[in-house]
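Values in this document were obtained by computation on a predicted structure and should not be read as measured data. Just so we're on the same page: letters track the sequence lines, and every chain starts at 1.
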Amino acid sequence: MSGDIHALSGAYAVDALDGQEREAFERHLATCSTCQAEVDSLREAAASLSETVAMTPPAHLREQVLGNIATVRPLPPVVRIGQRRSSRRAWLSGALVAAAAIALFVVWVQPGRQQAPTLSAADQIIRAQDVVQVSQQLSSGATVTWYRSAGQGGAAVSIKDLPAVPSNKTYELWLQSPDGAMHPAGLLGGGTQTVALTGSAKDSIGAGLTIEPAGGSASPTLPPVTVAAFPKV
Amino acid sequence: MDRLRAVAGEGQEPSPAVDQLSSSLKKCARGDQAAFAAVYDLTSAKVYGLVLRVLRDPAQSEEVVQECFLEIWRNAGRYDPARGSASAWIMTIAHRRAVDRVRASEADTRRDRDYGAATQPIHHDETAETAEARLEARRVRAALDTLTPMQREAIELAYLGGYTHSEVAAMLDLPLGTAKTRIRDGLIRLRDTMGVGPR
């Protein structure tokens with residue numbers, strides 16, 4: 001395609017690109033935040049045109065529309081580690097998360113309880129007064145719940161029905177530091193288990209789970225099985 | 001006419017309806033059906049009006065409007081306020097669906113490539129609109145008046161007509177690449193005149 005690809009932003013914003021041109025521009029958009037911002041702003045302008053053709057629809061349409069959604073579940077929001085869209089270190093794009101079909105429920109602080117000295121490291125985190133948790137449902141059917149206590153300085157994860165991996169592979173846990181880097185936080189196998197992540201999670205902004213070669217890796221192999229952002233308390 | 005002069009870099013003060021739409025959409029993400037009814041009531045005239053303008057057939061338009069609102073309900077949690085207004089997010093969904101439907105029907109004789117027929121306005125019932133809607137429409141038309149006639153026609157054919165930029169070029173007798181430039185320039189001008197866009 002000849003010419004300046006950025007010049008397609010206007011046509012794209014009004015859906016006037018088709019076929020190959022549209023695909024090519026969408027590929028470009030994924031890498032060009034300037035164009036994405038321009039497309040967003042031109043869409044605002046274009047949307048205002050609808051004011052000039054607004055027309056009240058037939059009354060029965062309202063009932064149909066409201067009835068249609070009664071049994072449909074809204075999709076969960078896309079999780080982004082660190083909420084930093086423009087960060088090059090953000091290791092997971094929204095598209096990857098969507099592809100993993102993760103359902104996210106954020107539950108806030110658990111009521112505090114007297115901590116018994118015989119609790120495991122994981123349980124101490126889970127029962128900490130300032131714990132936050134993030135629950136997820138994976139497309140494999142496994143459920144993953146992450147816990148983090150800034151006060152305890154630790155994170156834990158509770159997993160149910162994680163599919164087994166071949167013997168030359170392992171699952172690996174990660175903690176994400178505020179600068180975006182992922183730090184190894186332990187290895188685990190499939191199945192159902194609750195473990196504490198190794199390392200300090202006091203300042204961590206998120207955690208993740210990947211599949212790595214047996215023995216683990218120093219940096220994560222993408223795409224991850226799942227990632228979670230710790231909500232700020 | 002003062003209202004049209006946008007202060008550089010600043011947007012319009014959001015009206016109460018704009019805030020309500022954004023917060024209602026947020027509630028939809030949590031499954032709040034009453035909030036969804038509010039979203040419908042605030043946007044159905046623009047959605048239906050736009051879809052009807054692109055498709056021209058009322059029966060098909062109703063189908064597409066139903067699809068639009070289903071998509072809006074399902075994806076309400078994916079709306080990102082940092083990227084734009086709730087209204088633009090909704091209208092983007094509506095426009096994309098209308099255009100997809102029109103292009104899918106290959107043998108659709110309603111898509112008249114004759115320029116004259118394509119720009120016949122559909123008579124709409126002004127009494128059905130609220131006073132605020134009429135005011136908004138006047139404001140937009142006044143902003144459109146600041147575009148060159150070619151920019152305005154190119155944008156209206158593309159957005160309201162649902163044509164590709166190549167089709168627009170053919171219909172306006174422009175060289176092939178020129179329509180997309182007119183569209184972009186016109187949208188930029190419209191954006192800046194109305195004071196919408198980058199925050």
Side-chain angles (χ1 to χ4, degrees), chain A residues 1-4 6-19 21-22 25 34 36-70 72-78 80 83 85 94 98 104, chain B residues 28-29 31 33 36-37 40 44-46 48-50 52-53 62 65-66 69-70 73-78 83-85 87-88 91-92 95-96 99 103 124-125 128-129 133 136-137 140-141 155-156 158-160 162-165 168 177 180-181 183-185 187-188 190-191 194 196-198:
Chain A
M1 182 184 357
S2 63
D4 184 10
H6 306 279
L8 294 178
S9 60
Y12 182 75
V14 292
D15 300 307
L17 290 185
D18 209 7
E21 265 198 321
R22 179 165 51 89
F25 189 74
T34 312
Q36 184 64 72
E38 180 167 290
V39 164
D40 288 347
S41 73
L42 296 186
R43 277 183 172 150
E44 292 284 338
S48 66
L49 286 170
S50 59
E51 303 276 6
T52 66
V53 296
M55 188 174 336
T56 307
H60 64 256
L61 190 56
R62 187 178 193 273
E63 223 181 280
Q64 285 175 316
V65 165
L66 299 187
N68 289 344
I69 59 114
V72 174
R73 178 179 171 270
L75 292 171
V78 171
R80 284 195 182 89
Q83 305 294 334
R85 259 169 290 283
L104 173 70
Chain B
C28 287
Q33 297 191 22
F36 180 72
Y40 181 85
S44 60
K46 288 198 300 182
Y48 177 72
L50 177 66
L52 182 62
R53 177 63 180 80
E62 288 190 29
V65 168
Q66 288 189 50
F69 279 101
L70 195 53
W73 169 253
R74 291 191 80 229
N75 289 281
R78 306 262 162 103
R83 284 186 56 193
S85 70
S87 178
M91 297 316 301
T92 297
H95 192 264
R96 196 186 297 130
V99 163
R103 290 186 192 154
H124 65 277
D125 181 8
E129 297 173 31
E136 260 310 290
V140 175
R141 287 195 188 101
I155 286 173
E156 287 181 350
Y159 192 74
L160 300 179
Y163 297 100
T164 65
H165 72 94
V168 171
K180 61 180 188 297
T181 311
I183 290 167
R184 180 170 178 266
D185 291 345
L187 285 173
I188 287 173
L190 186 62
R191 177 193 74 192
M194 293 199 62
V196 298

Open item on the list: Would A:E38 and A:H6 count as a side chain to side chain contact (heavy atoms under 4.5 Å, CB included) here? Give the steps.
Closed with: CA-CA 9 Å; A:E38 180 167 290; A:H6 306 279; over 6 Å; no
Task: Contacting region of B:L160 [heavy-atom separation from chain A under 4.5 Å] - done: side chain
TODO: Would you mind checking which part of B:A158 comes under 4.5 Å of any heavy atom in chain A, side chain (CB onward), backbone (N, CA, C, O), both or neither?
DONE: both
Open item on the list: Does any backbone or side-chain atom of A:R62 lie under 4.5 Å from a heavy atom of chain B? Answer side chain, backbone, both or neither.
Closed with: both
Task: Top contributor to chain A contacts, counting heavy-atom pairs under 4.5 Å, from B:T92, B:I155, B:V99, B:D185 - done: B:T92
TODO: Output the option from A:A11, A:A7, A:S9, A:G10 having the highest count of non-hydrogen pairs under 4.5 Å with chain B.
DONE: A:G10
- [ ] Please check if any side-chain donor atom of A:D40 sits under 3.5 Å from a side-chain acceptor atom of A:Q36, or the reverse.
- [x] yes
Open item on the list: Would the distance check show the side chain of B:W73 and the main-chain N or O of B:F36 forming a donor-acceptor pair, the cut-off being under 3.5 Å?
Closed with: no
Open item on the list: Quick one about A:E21 and B:H165 (side-chain donor to acceptor, distance below 3.5 Å, no hydrogens or angles considered), yes or no?
Closed with: yes
Task: Residue list, side chain to side chain contact (heavy atoms under 4.5 Å, CB included) with A:P57, at least two apart or on another chain - done: A:L61, B:Y40, B:S44, B:Y48
